[in-house]
Amino acid sequence: MKVVARRIWPLFALLGLAAVVMRFLTESIWLDILFNFSVGITLTFVAIDMLYEERKNRRWQIVIIGFCVLLFLVEGIVNVISIF
């Protein structure tokens, strides 16, 4: 899982960056949803990578990342619900 997390999170980070750049060019709720979910997934994989790295004093960083993941995923779900 460590290798998978280390290789996948940069792809989701680039996807989130592309959503931000496209947001400047066009107005779409789908870009907000894409950004929220890609950042949430990126932070999840970064936390998994940090967890398997097993360095001391990383627990508080994982808790902060977990809180941010929760915020981004809830915001993405709220945006999806607002469409319907």
Side-chain angles (χ1 to χ4, degrees):
M1 187 65 178
K2 176 182 171 183
V3 175
V4 172
R6 188 168 284 172
R7 291 184 186 215
I8 289 181
W9 76 260
L11 300 174
F12 283 105
L14 288 175
L15 189 63
L17 185 62
V20 169
V21 170
M22 288 298 296
R23 183 79 169 128
F24 288 120
L25 302 174
T26 183
E27 184 76 25
S28 175
I29 190 72
W30 292 107
L31 290 174
D32 290 340
I33 294 169
L34 174 69
F35 175 75
N36 287 330
F37 283 128
S38 66
V39 170
I41 292 170
T42 300
L43 289 176
T44 301
F45 282 128
V46 168
I48 290 170
D49 187 33
M50 288 174 63
L51 189 65
Y52 281 111
E53 196 172 305
E54 296 181 3
R55 287 189 183 169
K56 293 184 179 181
N57 298 326
R58 295 285 181 165
R59 299 290 180 196
W60 64 273
Q61 292 174 347
I62 293 174
V63 169
I64 292 172
I65 288 175
F67 181 71
C68 292
V69 166
L70 182 66
L71 288 177
F72 279 110
L73 293 181
V74 166
E75 182 67 26
I77 291 169
V78 167
N79 285 338
V80 168
I81 292 172
S82 71
I83 291 175
F84 302 109

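Numbers here simply count residues along the sequence, with the first being 1. Remember, predicted model here, so these are calculated numbers, not experimental data.
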State which residues pass side-chain contact (heavy atoms from CB on, under 4.5 Å) with Leu73; sequence neighbours excluded, sorted by chain then number.
Phe37, Val69
With a 3.5 Å distance limit and no angle check, can you tell me whether Thr26 reaches the backbone of Arg23 through a side-chain donor-acceptor pair?
no
Tell me whether Trp30 shares a hydrophobic cluster with Phe35, the cluster being built from Ile, Leu, Val, Met, Phe, Trp, Tyr side chains joined at under 4.5 Å.
yes
Give a yes or no on whether the backbone of Phe45 and the side-chain of Asp49 come within a donor-acceptor separation of less than 3.5 Å.
no
Group every Ile, Leu, Val, Met, Phe, Trp and Tyr by side-chain heavy-atom contacts under 4.5 Å, then state whether Val39 and Val74 land in the same group.
no
Testing the basics here: between Ala19 and Leu34, what is the closest heavy-atom pair and its distance to 0.1 Å?
CB-CD2, 3.7 Å
Can you get from Ile41 to Val20 by hopping between Ile, Leu, Val, Met, Phe, Trp and Tyr side chains that sit under 4.5 Å apart?
yes
Which atom names give the shortest non-hydrogen contact between Gly16 and Ser38, and what distance separates them?
CA-OG, 3.1 Å
So, taking the atom named CG in Leu71 and the one named CG in Leu43, what distance separates them when rounded to the nearest 0.5 Å?
10.5 Å
What is the distance from atom CG of Leu14 to atom OG1 of Thr42, rounded to the nearest 0.5 Å?
9.0 Å
Does the side chain of Ile65 come within less than 4.5 Å of Met50's, by heavy atoms?
yes
Could you check whether any side-chain heavy atom of Glu75 comes within less than 4.5 Å of a side-chain heavy atom of Asn79, counting everything from C-beta outward?
yes
Decide whether Ile81 and Ile29 are clustered together by the hydrophobic rule: side chain heavy atoms of Ile, Leu, Val, Met, Phe, Trp, Tyr closer than 4.5 Å, transitively.
yes
Please say yes or no: joined through hydrophobic side-chain contacts below 4.5 Å, possibly via intermediate residues, are Val63 and Ile48 part of one cluster?
no
Validation row: Ile33, Ile83 side chains within 4.5 angstrom (heavy atoms):
yes
